[in-house]
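Reviewing the structure listed below.
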Amino acid sequence: MEVTLLIQATDDAFQVMEKAKMQAVGILDTATRLTSETRTIQERKLKAIFKGAHESQSGFLNFVATFAILIIFWAVLSGKFDAFHMTLGILCSLVIAWLSHDLLFANVRIGDIRVIVQRFLIYIPWHLYQIFLSNFHVAYLALSPRMPIQPEIIRFKTKLESDISWVAFANSITLTPGTVTVDIEGNEFVVHALSKKVADDLNAGEMEDRIAHIFMEADHIYIQDVLDVSRIFSALK
Amino acid sequence: MDYFFAAVGLCLCMLVLLALYRVVFGPGIFNRVAAISAIGTKTLVILLIFGLLYQRIDMFIDISMVYALLNFIGCVAAAKYLESRQE
Amino acid sequence: MNGFAEMIIKTEDIIVKTIARILIPFIQLFSLYVIMHGHYSPGGGFQGGVIMGASLVLLFLTHGYEESKERMSEKAAILFSSTGVLIYSGIGLLCLLLLGNYLDYGRLSLILNVDLAHARSLGILGVEIGVGFAVMAVMFSIFLDISTGGIEPGEEKKNEKASTR
Amino acid sequence: MSFMTVLSILCLLGGFFFFFTATIGLLRFPDFFTRLHATGKGDTLAVFLSLLGLAFYEGISLTGLKILIIAIFMFIAQPTATHAISRAGMRSGVKPWMKENIES
């Protein structure tokens, strides 16, 4: 008799423990779900704050940067530096900067502009050399009696991401020997090339790497870039 | 020195006449638009050279700035319009 | 929807769009420069207004109708043209109230307490700004009406509903 | 004949040479896209060199700087205009000229 009682008691004990365990697990689940929710909310809020801060900060920075550039442009435009015209200029630049503050630097990270400008200046001599080459190429083609050209259309996938690098790349293609950017579908450049040799130069992608180097596209980071950037950021801090 | 500028300006006018051939006989409308944009850049330089000859360069600079601007906007507008015509 | 309006919306070209996006602030500042420097260099209200209108045309051509609508809508254009005329005739009336002729800027020197010549140049500047506003708005609304054929792409459905009912 | 004027004469002559080749290219090239090559590239460099020459003649002054501003503006605007026109041509069905269809 006592044995059945004992067994029943142990059964009850087990069930109670089972129920307690289930409740404990339930509580734990809700606890983790709650914390994860709060964490995601927290993260989202933080991200929003950061993005907002970055947005407003970059918004304000955009405004100041556009205003500064416009003031310099105005000073160069109107040779008169007397008080009346300068106040006029400041007023006009304020209006235009406020009106189109998000136009000039729409999606360029502010910290990188100094690096991009520096590298762009280094890129310009090479670009001018390319243009001279392309013009002599056109001159040779135009003046030679039999005009050795086999024009063709090439479709060319690009690795660049940000649209400013696309634009710089497209303009550089138009200005380098023998190629004109006809169209961009998705991230595919349609290029009209004058001859086979020129098309191969384009596919070699030498210019594309240079453009990627300027606009610091992620997959083209070299050690030199990191040193380069750290020196800039230390200066910035 | 002025004779040199006048000579370059006149030769540029000759080039504009040459480019006019393409505008008049250009097979399609697109050749005509390309030729007009070419003439636009040439007249820009002619404008500046004659501004220099008349010793009123700062006035002519503003005019040529507006000219370059409208030439660009004109080309973009023509391209945008012609794109939809044959559809 | 007629060809040109729907075409503005449909064919977006990244290169022309970005280049226009970078150039537009400079074009607008140049147009203000032309308005302000009416007496020294060629220019004045009318030419400056036309250049500002051209920059808006470039904006609408490259950025499409929907995106640039909130930057400069049809209503804003009408508003600007009337404020332009208001500024122009307002200054004239002001001189009239100060016992001068209709556009006699000399009389402005009473309230601006500056000498006669300075008041005259300020008066002319004010008038040119007014003219610039008006010309920009009118040119822009002409372009808008021609390109969208008078029916705003958004409102088109309303007209059809009205006609079908 | 100071150094500046010699430089400006050289730049203007260079600019004129490229203008000349661009126009010849515009006339001689067989089809629309190849002509765009000539005007697109030729005119950009020609305008840049000619304006550079004029800026040198003006010397280091505000007007010289303004001429350089026009040169830079044309440097950016000209390839974009060429691109816009060639895109319009391609999209509205202008067939680029192929070497083979001449022989066949």
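In the text below, chain A, chain B and the rest are named by the order of the sequence lines, each starting its count at 1.
In A:Phe81, the CZ atom is crowded: over 12 heavy atoms of neighbouring residues, nucleotides or ligands sit closer than 6.0 Å. No more than 12 heavy atoms of other residues, nucleotides or ligands lie within 6.0 Å of CD1 in D:Ile60, so this atom counts as exposed by the packing criterion. Counting non-hydrogen atoms of other residues, nucleotides and ligands closer than 6.0 Å to CZ of D:Phe20 gives a total of 12 or fewer. Taking a 6.0 Å sphere around CZ of A:Phe120, one finds it holds 12 or fewer heavy atoms contributed by other residues, nucleotides or ligands.
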Report the C-alpha separation of D:Thr21 and A:Tyr140 in whole Å, then their side-chain angles, then the decisive distance to 0.1 Å, and conclude whether the side chain to side chain contact (heavy atoms under 4.5 Å, CB included) test is met. CA-CA 9 Å; D:Thr21 40; A:Tyr140 166 68; over 6 Å; no
When you look at A:Asp183 and D:Arg91, which way does the side chain to side chain contact (heavy atoms under 4.5 Å, CB included) test go after all the steps? CA-CA 9 Å; A:Asp183 206 344; D:Arg91 285 208 172 194; 3.1 Å; yes
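Residue A:Ile153 comes nearest to D:Met90 through the heavy atom pair CD1-CE, 3.5 Å, listed as atom of the first residue, atom of the second, then distance. Between D:Lys66 and A:Leu77, the closest heavy-atom pair is NZ-O, 2.9 Å. Across all their heavy atoms, A:Asn171 and D:Pro79 have their closest contact at OD1-CB, 3.7 Å.
Under the 3.5 Å distance criterion, the side-chain polar atoms of D:Arg28 are matched with a main-chain donor or acceptor of A:Ala142.
Interface summary for chain A: among D:Gly42, D:Ala88, D:Gly25, D:Ser61, the most heavy-atom pairs under 4.5 angstrom belong to D:Gly42. Of all the listed residues (A:Val190, A:Thr179, A:Leu141, A:Ile184), the one sharing the greatest number of non-hydrogen pairs under 4.5 Å with chain D is A:Thr179.
Proximity of A:Ile131 to D:Phe48: side-chain heavy atoms (C-beta onward) are nowhere separated by under 4.5 Å. For the pair A:Thr174 and D:Lys41, the minimum side-chain heavy-atom distance is 4.5 Å or more. Counting heavy atoms from C-beta outward, D:His37 and A:Leu194 have side chains that approach closer than 4.5 Å. Proximity of D:Phe32 to A:His192: side-chain heavy atoms (C-beta onward) are nowhere separated by under 4.5 Å.
Ring geometry, A:Phe132 versus D:Phe18: the interplanar angle exceeds 60°, so the pair is classed perpendicular (tilted spans 30 to 60°). By the 30° and 60° cut-offs, the orientation of the rings of A:Phe136 relative to D:Phe17 is tilted.
Contact annotation for D:Thr34: both backbone and side-chain heavy atoms come within less than 4.5 Å of a heavy atom of chain A. Neither the backbone nor the side chain of D:Leu27 comes within contact range of chain A, judged by heavy atoms closer than 4.5 Å. Using a 4.5 Å cut-off between heavy atoms, A:Leu128 contacts chain D through its side chain alone, with no backbone atom that close.
Taken from CG in A:Asn135 to OG1 in D:Thr44, the straight-line distance is 7.5 Å, to the nearest 0.5 Å.
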